[in-house]
Amino acid sequence: MKADHALRGAVEALLFVSDEPVSVSTVSRLVGARPTEVERALQTLSEEYRDAERGFQLREVAGGWRLYTHPAFHDTIEEYVLSWDTRRLSQAALEALAVVAYHQPVTRQGVNAIRGVNSEAVLSSLVEKGLVREMGRDPGAGNAILYVTTRTFLEKFGLKDLGELPPLEEFAPDPKTESAIKERLSAIEGPPLAEDDEPAEID
Amino acid sequence: MKADHALRGAVEALLFVSDEPVSVSTVSRLVGARPTEVERALQTLSEEYRDAERGFQLREVAGGWRLYTHPAFHDTIEEYVLSWDTRRLSQAALEALAVVAYHQPVTRQGVNAIRGVNSEAVLSSLVEKGLVREMGRDPGAGNAILYVTTRTFLEKFGLKDLGELPPLEEFAPDPKTESAIKERLSAIEGPPLAEDDEPAEID
Amino acid sequence: MSYQVATEIFEGPFDLLLHLVSKRKLDVNAISIADVAGEYVEHIERMRELDLDVASDFLLVAATLLEIKAASLLPQPELFLDEEFEDLSPEEARELLVVRLLTYKTFKNVALELGARMESEARMHPRQAGLEERFLKLMPDFLEGITLRGLAVICADLLHRREVFLLQAGHVAAVPISLDLHVDRVAKTLAASGRTTFGELVSAGCSVAEFVVTFLAILELYKRGDVEIAQSTAFGDIELVAVGPRERKEEGS
């Protein structure tokens with residue numbers, strides 16, 4: 001049936017771009033079909049994949065439906081993932097990651113401003129490694145891409161959410177250094193720098 | 001055939017976990033099959049998806065194979081794929097990109113000469129977008145920086161390699177346009193214009 | 001670049017010229033180089049009226065067109081401004097311009113094609129859903145040996161370094177004093193009283209920087225023709241007399 005095919009394709013495309021289980025109600029809303037129809041399409045897809053011995057399968061798990069690779073190919077995928085570039089993170093990458101973690105969402109310009117050097121290459125390598133991802137754009141900054149950390153990042157550090165990051169204040173320079181900075185700042189007449197000379201916000 | 005199915009499934013599973021185009025040689029190494037077999041499996045998969053009107057498709061881009069959603073379902077998933085880059089390139093950027101694509105490696109002066117306008121800003125924005133990169137210098141042109149297109153360019157424009165760019169000759173102005181340009185720049189004094197002259201389309 | 005506003009319509013001189021030679025009906029050999037040159041110059045004038053800074057690229061092509069026009073009306077050897085067009089006869093310059101325009105048009109066509117391609121490509125979304133949990137642990141541990149504490153220290157340290165940098169930059173360059181602001185201040189004083197002296201403009205407690213910037217402000221106003229400067233004795237005070245607005249006012253009254 002033509003209509004069935006269109007619905008099936010839309011559901012498939014949606015599952016394809018998702019990296020977490022999608023609920024029937026979400027699918028239903030996005031593809032504009034009744035939940036029962038969606039449910040049936042999901043069942044059909046799942047059977048189709050199984051019958052055709054595809055490399056992936058559609059499973060219903062907590063929270064909805066999600067595409068998974070077929071367990072039969074576990075070893076092949078394992079070998080593939082193990083072959084990924086194993087070079088450790090450079091100091092530059094660690095700095096950029098730290099800035100994104102604490103200032104997210106942040107634009108590349110924001111990262112540049114804090115690090116004082118161009119961070120383009122280093123950010124893309126973090127994206128490649130799945131530690132940082134793009135999330136939308138900042139209309140206030142010429143639609144610059146905003147970067148956030150990924151779920152992989154949280155998992156690697158065993159964090160439930162970003163609120164669990166240790167507060168930065170704990171790691172601020174000691175009070176002596178801080179007061180020295182303040183003194184020197186106040187010794188200069190007028191505002192230290194015009195507002196718009198500051199490329200980024202520190203908070 | 002059983003063996004064929006196993007190979008097909010393994011290839012599918014690999015493509016499924018990859019976040020970049022995978023080359024035939026990589027697949028061949030991982031699944032332990034000859035490149036020609038892999039090539040055939042990839043072709044078969046691509047056709048299967050197309051014939052079954054699946055929500056995704058298998059395409060050859062930027063030196064490898066990668067799974068994509070089918071364009072028919074773009075509107076459905078657009079909302080779901082939040083970070084998708086929807087910005088278009090300006091005409092200026094596209095012109096400069098076209099010059100780099102066809103004349104690479106090319107200096108900024110080379111781009112300026114064809115566009116008749118300073119292209120510095122537009123080139124740096126292309127570099128920033130990762131579509132163009134610097135590659136060495138031209139000792140014959142005062143060590144000017146040479147620009148080439150990137151793999152991202154191939155991916156974003158759905159090209160297997162640079163050889164897939166349509167031949168430049170196809171885009172040469174048609175004879176009508178050409179003669180119009182020549183005439184208008186050479187006629188010393190033309191007859192007065194008729195009132196009802198319509199604007200011509202030159203393409 | 002200031003002609004960016006203009007580029008919304010025309011990407012450059014070739015684009016404008018191409019537009020001009022293209023817009024007439026094709027089968028009528030009606031428009032001459034003289035017309036094109038005239039219209040081209042008109043366009044540039046309009047851009048100027050709109051307060052758009054007309055880039056030298058546009059002017060260069062205008063000059064070349066006018067040279068060709070002049071030469072075709074009154075044939076005589078002329079020199080062209082552009083290095084490339086230099087030492088060329090009008091005929092050669094015209095040929096070169098035709099070739100350049102044809103090449104530009106080719107790439108304009110390609111750009112159109114690339115734009116369409118990019119757009120259709122954007123409707124296909126590559127698979128990049130990330131690894132399933134069971135494969136995550138297989139991924140090389142890029143963060144091996146890195147602790148959260150370590151990350152926090154790195155971030156705090158960066159912020160600290162930035163503060164120190166800004167502090168030192170502020171220290172070395174002192175507080176930036178806006179010249180524009182001082183020009184305004186001097187101009188206002190002059191507008192109010194018609195005349196003043198350098199001594200009146202700077203107070204005893206002024207920093208050296210303020211002395212300098214006030215002096216620069218006076219020079220700026222002098223350059224604009226808004227002020228006349230006199231110094232009757234060496235090292236004496238500098239006297240300033242307003243010129244511009246006052247005179248206009250007197251003319252009006």
Side-chain angles (χ1 to χ4, degrees), chain A residues 13 16-20 67-69 74 77-78 81-82 84-89 91 93-95 97-99 101-103 113-116 129-131 150-153 155-157 159 164-173 177 181 184-185 187-194 197-198 202, chain C residues 4 122-182 203 205-210 213:
Chain A
F16 187 82
V17 291
S18 173
D19 60 357
E20 55 184 18
L67 291 168
Y68 291 91
T69 50
H74 184 280
I77 296 170
E78 185 173 304
V81 175
L82 284 172
W84 290 1
D85 196 349
T86 53
R87 272 170 299 173
R88 293 266 302 280
L89 289 184
Q91 179 64 26
L94 274 179
E95 286 184 10
L97 182 62
V99 173
Y102 278 94
H103 292 273
I114 291 174
R115 292 192 56 227
K129 293 180 171 62
L131 297 169
T150 59
R151 219 172 53 177
T152 306
F153 171 83
E155 278 166 17
K156 287 267 177 195
F157 285 113
L159 297 171
E164 282 194 342
L165 282 170
L168 265 193
E169 297 78 58
E170 285 177 22
F171 303 94
T177 319
I181 290 174
R184 289 174 68 186
L185 272 173
I188 293 173
E189 291 168 42
L193 273 177
D197 282 347
E198 290 204 31
I202 302 184
Chain C
Q4 290 265 304
R123 299 180 65 81
M124 298 176 237
H125 306 259
R127 169 84 183 165
Q128 50 187 1
L131 281 180
E132 294 154 32
E133 289 78 3
R134 63 199 167 108
F135 295 115
L136 272 181
K137 61 179 192 305
L138 295 173
M139 207 166 89
D141 188 2
F142 300 109
L143 298 173
E144 196 189 323
I146 309 292
T147 62
L148 262 189
R149 230 188 116 77
L151 219 51
V153 168
I154 289 172
C155 193
D157 185 51
L158 278 173
L159 295 178
H160 172 61
R161 275 189 351 227
R162 181 169 185 266
E163 260 176 82
V164 171
F165 171 78
L166 291 179
L167 184 65
Q168 285 171 346
H171 185 66
V172 172
V175 186
I177 302 174
S178 162
L179 177 61
D180 285 348
L181 227 65
H182 277 74
S203 55
C206 269
S207 66
V208 176
E210 276 183 68
V213 83

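So that the names make sense, note that chain A is the first sequence line, chain B the second, and so on, each numbered from 1.
Taken from CG in C:Asp157 to CG in A:Leu168, the straight-line distance is 11.0 Å, to the nearest 0.5 Å. Rounding to the nearest 0.5 Å places CG of A:Leu97 at 8.5 Å from CD1 of C:Ile154.
A donor-acceptor contact shorter than 3.5 Å is absent between the side chain of A:Arg115 and the backbone of C:Leu158.
Residues A:Phe16 and C:Arg127 share a closest heavy-atom pair of O-NH1, 2.7 Å. When all heavy atoms of A:Phe157 and C:Thr147 are compared, the closest pair comes out as CE2-C, 3.8 Å.
No part of A:Thr150 comes within reach of chain C, as not one of its non-hydrogen atoms sits under 4.5 angstrom from that chain.
Counting only heavy atoms from C-beta outward, the side chains of C:Leu159 and A:Tyr102 never approach each other to under 4.5 Å.
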